[in-house]
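These notes are about the structure you will find just below.
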Amino acid sequence: DGGITQSPKYLFRKEGQNVTLSCEQNLNHDAMYWYRQDPGQGLRLIYYSQIVNDFQKGDIAEGYSVSREKKESFPLTVTSAQKNPTAFYLCASTIRRESQNIQYFGAGTRLSVL
Amino acid sequence: GQQVMQIPQYQHVQEGEDFTTYCNSSTTLSNIQWYKQRPGGHPVFLIQLVKSGEVKKQKRLTFQFGEAKKNSSLHITATQTTDVGTYFCAVAGGTSYGKLTFGQGTILTVHP
């Protein structure tokens, strides 16, 4: 069953703690993305990666870090430098096609601060 | 980067009424996509529009791309409670392939 798997579904962070959100895809997609969504808001791009071992900052990268060691995996670390991390985090992927760049999303991780 | 303005932010309708959300850009778009996010869920791709003046239909949903390729609309005829959710437009975000810039979304509530 192909798709994008995000884990955990819910995550709680203590002050000063780094936490890592997992995103795995078995769609053989080239590009992967991390978005942050606040209540009633749109999607804001945190980081994206078009190929393995390469990634770029999005619009709100401060306080976050990523890695792309494998095509299938794009974990996001929310560092202690992110002072307002409570949000819904969505991972997405897309295959490289000239005419289309449909993004497929995981089910998301809800992060809260204790 | 590419910017797109989506209105309205919220829309409350009675079941059976129509609904429309609009996306506007100050620059010409190569294409525009629409996504739906159910409450508590994740965005799901609905459609992509590419051609000037293009109109596509999916059952009660009608999607339009403006003649100047600077605006788009999603119209739902005779809303049902299953239509509730947030509708987003998304446009290509610059030269990086696959990168999208999403509109703020329109949150649709349907009262039975």
Side-chain angles (χ1 to χ4, degrees), chain A residues 3-7 9-10 21 23 25 27-51 54-61 68 71 74 87-110, chain B residues 1-12 21-25 29-51 54 56 63 65 84-109:
Chain A
I4 302 176
T5 302
Q6 287 187 244
S7 62
K9 191 172 182 179
Y10 300 95
L21 284 60
C23 179
Q25 55 101 356
L27 301 168
N28 198 32
H29 283 178
D30 306 295
M32 298 185 74
Y33 308 83
W34 274 105
Y35 294 94
R36 170 179 171 141
Q37 186 175 33
D38 293 283
Q41 301 293 314
L43 306 176
R44 292 187 290 169
L45 184 64
I46 305 172
Y47 267 99
Y48 65 102
S49 168
Q50 295 177 320
I51 56 173
D54 188 45
F55 48 84
Q56 285 78 39
K57 293 181 179 180
D59 301 317
I60 55 166
R68 186 91 186 272
K71 188 176 185 178
F74 192 39
F88 187 41
Y89 290 87
L90 287 158
C91 178
S93 70
T94 190
I95 195 166
R96 183 171 193 164
R97 283 202 184 112
E98 289 299 325
S99 60
Q100 285 193 337
N101 54 2
I102 298 167
Q103 292 199 1
Y104 297 85
F105 287 82
T109 293
R110 293 193 183 276
Chain B
Q2 191 66 268
Q3 298 280 344
V4 60
M5 182 72 69
Q6 187 172 356
I7 56 170
Q9 188 174 1
Y10 302 94
Q11 187 75 59
H12 297 259
T21 175
Y22 302 88
C23 273
N24 298 293
S25 170
L29 304 170
S30 57
N31 58 62
I32 191 164
Q33 297 181 0
W34 287 92
Y35 291 77
K36 176 183 179 181
Q37 182 178 24
R38 294 183 186 275
H42 59 277
V44 175
F45 173 80
L46 293 176
I47 208 159
Q48 176 170 283
L49 305 173
V50 179
K51 299 176 183 176
E54 189 169 15
K56 287 189 176 180
F63 304 84
F65 203 8
V84 297
T86 304
Y87 293 84
F88 294 98
C89 61
V91 299
T95 56
S96 298
Y97 84 84
K99 185 168 174 264
L100 296 175
T101 297
F102 284 81
Q104 285 295 98
T106 295
I107 300 172
L108 173 64
T109 303

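Because the structure is a prediction, the values reported are computed rather than measured. In the text below, chain A, chain B and the rest are named by the order of the sequence lines, each starting its count at 1.
For chain A, the nearby part of B:Gln33 is the side chain; its heavy atoms alone come within less than 4.5 Å. Residue A:Arg44 does not touch chain B at all, counting heavy-atom pairs closer than 4.5 Å. Proximity to chain B involves both the backbone and the side chain of A:Leu43, based on heavy atoms less than 4.5 angstrom apart.
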side-chain contact (heavy atoms from CB on, under 4.5 Å) between A:Phe105 and B:Gln37, intermediate numbers included: CA-CA 10 Å; A:Phe105 287 82; B:Gln37 182 178 24; over 6 Å; no
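B:Gln48 CD to A:Asn101 CG: the interatomic distance, rounded to the nearest 0.5 Å, is 6.0 Å. Distance check, rounded to the nearest 0.5 Å: CD of B:Gln9 to CD of A:Gln41 gives 6.5 Å. Distance CD1/A:Ile102 to OH/B:Tyr35: 6.5 Å, rounded to 0.5 Å.
With hydrogens and angles ignored, the 3.5 Å screen pairs no side-chain donor or acceptor of A:Tyr33 with any backbone N or O of B:Leu100.
Scanning for salt bridge (Lys or Arg N to Asp or Glu O under 4.0 Å) contacts around A:Asp59 gives an empty result, with sequence neighbours left out. Legend: residues meeting side-chain contact (heavy atoms from CB on, under 4.5 Å) with A:Ser7, ordered by chain and number and at least two apart, are A:Ser22.
The environment of B:Phe45 atom CZ is dense: over 12 non-hydrogen atoms of other residues, nucleotides or ligands sit within 6.0 angstrom.
Side-chain atoms of B:Phe102 and A:Gln37, non-hydrogen and from C-beta on, never get closer than 4.5 Å to each other.
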